[in-house]
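The next block holds one structure in the form of structure tokens; read it before the comments.
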Number of protein chains: 2
Amino acid sequence: MKSRKISVHIADDHKIIIDGIIAVLEDEEDIDVVGFSTDGTELINWYKNNNKCDVLILDINMPEISGVDVLYFLKQRNLIQPTVVLSSYDDIKLIKEVLKLGVKGFIAKRCAGKHIVNAIRAVIHEESYFGPSIQELIVKNFSNKTSKVNNEISQDGIHISSLTDREIEILKLIADQKSTREIANALFISVNTVETHRKNLIKKIQVKNVVGLALYAVKHELV
Amino acid sequence: MKSRKISVHIADDHKIIIDGIIAVLEDEEDIDVVGFSTDGTELINWYKNNNKCDVLILDINMPEISGVDVLYFLKQRNLIQPTVVLSSYDDIKLIKEVLKLGVKGFIAKRCAGKHIVNAIRAVIHEESYFGPSIQELIVKNFSNKTSKVNNEISQDGIHISSLTDREIEILKLIADQKSTREIANALFISVNTVETHRKNLIKKIQVKNVVGLALYAVKHELV
DNA sequence: TGTTATATAACGGTTTTCCGTTAACTAAAA
DNA sequence: TTTTAGTTAACGGAAAACCGTTATATAACA
């Protein structure tokens, strides 16, 4: 009656995390780590070489080619498969994006290792698994849906989900060292409009200046 | 003839890394993980409660109280002990700083897990252990000591070691969203001087504006 | 003893950011 | 159908950042 082991590929730019996850999974008899990648390019090449696994453990924040980029690559080739996404920070927008890409597992890195095991077992059966902090976030997001306090400050600062798409777009460009004029030209809007957006961002995020915006962008992995 | 196990405490704000290291160390019969902390405050409290371990595995980049802060705390209380420092980025200034604080082990997180085991075995015997990339960096730093190309651009951008202490000090304050006037007041120097430093920083680091400086500061864990 | 690196400071001019406020248009939601 | 959220836009004034350049003092180094 014993079925085949679950094969897992791990992608993370920190080798130490890969080794850690491998070590955690070694204790699980039904799970087998069949490969790993330390950046997005490596992972994509792994797929291009027709390698396969049952579950992909995917870090979002990798240099050059990010985890999200990899997911878009997989979607393009109809290779989307059971995946557990790892992220340093909770970000409801990111969760929504990877959810749309068919990802069912989502875990913050600060969570304990056992959650990875749970997540693997869940996604292999097409079930969803969210780490504890993510669950909270989703619940909060749903309950806030109709409330008017969406833009108010929570105990740990404003959440990125309260920024509009346009604001995030402009925030990214600011964090890319673009001046207001450059942003205006890039988006075909007025300099005044960009200034308004910047002003609103500074107010919403509650920082002092563009430096604060850049730090926020880094923290939420927008750069 | 068999001696006591080496007791280890692990401090890292990513629980998943802690669990990973624990799993890696589980395979080692002579090493025992006796505790862990997910931030600097927790770790300091652990020491305040008179807990002890043979080797401390210490992540540098933790929120609120950083690994370096913890080392200063330990130094103040003459509690400096065999320590392996973990860092996401190589930074010769950081290495020098922790070396001065008595740290003998230094590993980049991108390194494989086995290096941690090697490092633990080294520092417990008062020997030094540097991960592969760190070794390279140290060698490069020594060979560059007398050369004049110290400030030139390497393939992956300028290295933090080419910034002076004062520049790093000012860079930190800029990344802390302080204005030029605020920095001048804080350091009891002229606004003009701070502007000169900022200008030099932008030129040296090859960025466009303060946003670029902030990003650089984050990348090199100065914030 | 020159040479170099570092920290300090000044200055005039330009550009950009910052701040408050107002307002029009649109699409979606109550 | 009003209300709300989001995007767009404008304006005037203050503050800050940016840029090139120059210059002095000091300490360390060759």
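Note that the structure is predicted; figures quoted are calculated from it, not measured. Just so we're on the same page: letters track the sequence lines, and every chain starts at 1.
With sequence neighbours excluded, the residues forming a side chain to side chain contact (heavy atoms under 4.5 Å, CB included) with Lys114(B) are Ala112(B), listed by chain and number. By the side-chain hydrogen bond (donor to acceptor under 3.5 Å, both in side chains) test, Asn51(B) is found to be paired with no residue, residues two or more places apart in sequence or in another chain being considered. Applying the side chain to side chain contact (heavy atoms under 4.5 Å, CB included) test to Arg166(B) and every residue at least two apart in sequence or in another chain returns Thr164(B), Glu169(B), Ile170(B), Leu187(B), Ile189(B), His197(B). Ile44(B) meets the side chain to side chain contact (heavy atoms under 4.5 Å, CB included) test with Lys48(B), Ile65(B), Val70(B), Phe73(B); sequence neighbours excluded.
In this structure, Arg166(B) atom CZ and dA27(D) atom P are separated by 15 Å, rounded to whole Å. Atom CD1 in Ile168(B) sits about 11 Å away from atom P in dT6(C), given to the nearest Å. Regarding Asp165(B), its CG atom lies at a distance of 10 Å from the C1' atom of dT6(C), rounded to whole Å. Rounding to whole angstrom units, NZ of residue Lys208(B) and C1' of dT16(C) are separated by 11 Å. In this structure, the CG atom of Leu213(A) is 15 Å from the C1' atom of dA16(D), given to the nearest Å. Across the protein-nucleic acid pair, Arg198(B) atom CZ and dA15(D) atom C1' stand 12 Å apart, rounded to whole Å. Asn209(A) has its CG atom 11 Å from the C1' atom of dA17(D), to the nearest Å. Per the geometry, CD belonging to Glu167(A) stands 10 Å off P belonging to dT8(D), to the nearest Å.
Interatomic distance, CD1 of Ile168(B) versus CG of Leu173(B), reported as 12.0 Å (0.5 Å rounding). A distance of 4.0 Å separates CG of Asp59(A) from CG of Asp12(A), quoted to the nearest 0.5 Å.
Here the nucleotide nearest the side chain of Thr196(B), chosen from dA7(C), dA9(D), dA10(C), is dA10(C). Counting only heavy atoms from C-beta on, His197(A) has its side chain closest to dT7(D) among dA9(D), dA17(D), dT7(D). Closest to the side chain of Ile202(A), out of dA7(C), dC19(C), dA9(C), is dC19(C).
In the helix from dT1(C)-dA30(D) to dA30(C)-dT1(D), the terminal helix axes, each the rotation mapping four pairs' C1' atoms onto the next four within five end pairs, subtend 50°, rounded to 10°.
Under a 4.0 Å N-O distance rule, the pair Glu167(A)/Arg198(A) does not qualify as a salt bridge. Between Lys15(B) and Asp19(B) there is a salt bridge, with a side-chain nitrogen of the basic residue lying less than 4.0 Å from a carboxylate oxygen of the acidic one.
Residue-level contact check: Val210(B) touches the backbone only, with heavy atoms under 4.0 Å from sugar-phosphate atoms and none from bases.
Counting non-hydrogen atoms of neighbouring residues, nucleotides and ligands closer than 6.0 angstrom, the NZ atom of Lys208(B) exceeds 12 such neighbours.
Counted by atom type alone, Tyr216(A) and Gln206(A) present zero donor-acceptor pairs between their side chains at under 3.5 Å.
Mapping Glu195(A) and Asn200(A) onto DNA chain D by nearest heavy atom places Asn200(A) closer to the 5' end of the strand.
Proximity of Thr193(A) to the phosphate of dT8(D): no side-chain N or O atom is located under 4.0 Å from OP1 or OP2. Contact annotation: Asn192(A) side-chain N/O to dA9(D) OP1/OP2 distance is not under 4.0 Å.
Listed in residue order, the members of residues 175-190 of chain B having a heavy atom less than 4.0 Å from DNA chain C are Ile189(B), Ser190(B).
At a cut-off of 3.5 angstrom, counting only N and O atoms as typed in the model, there is a donor on one side and an acceptor on the other between the side-chain of Lys199(A) and the base of dT21(C).
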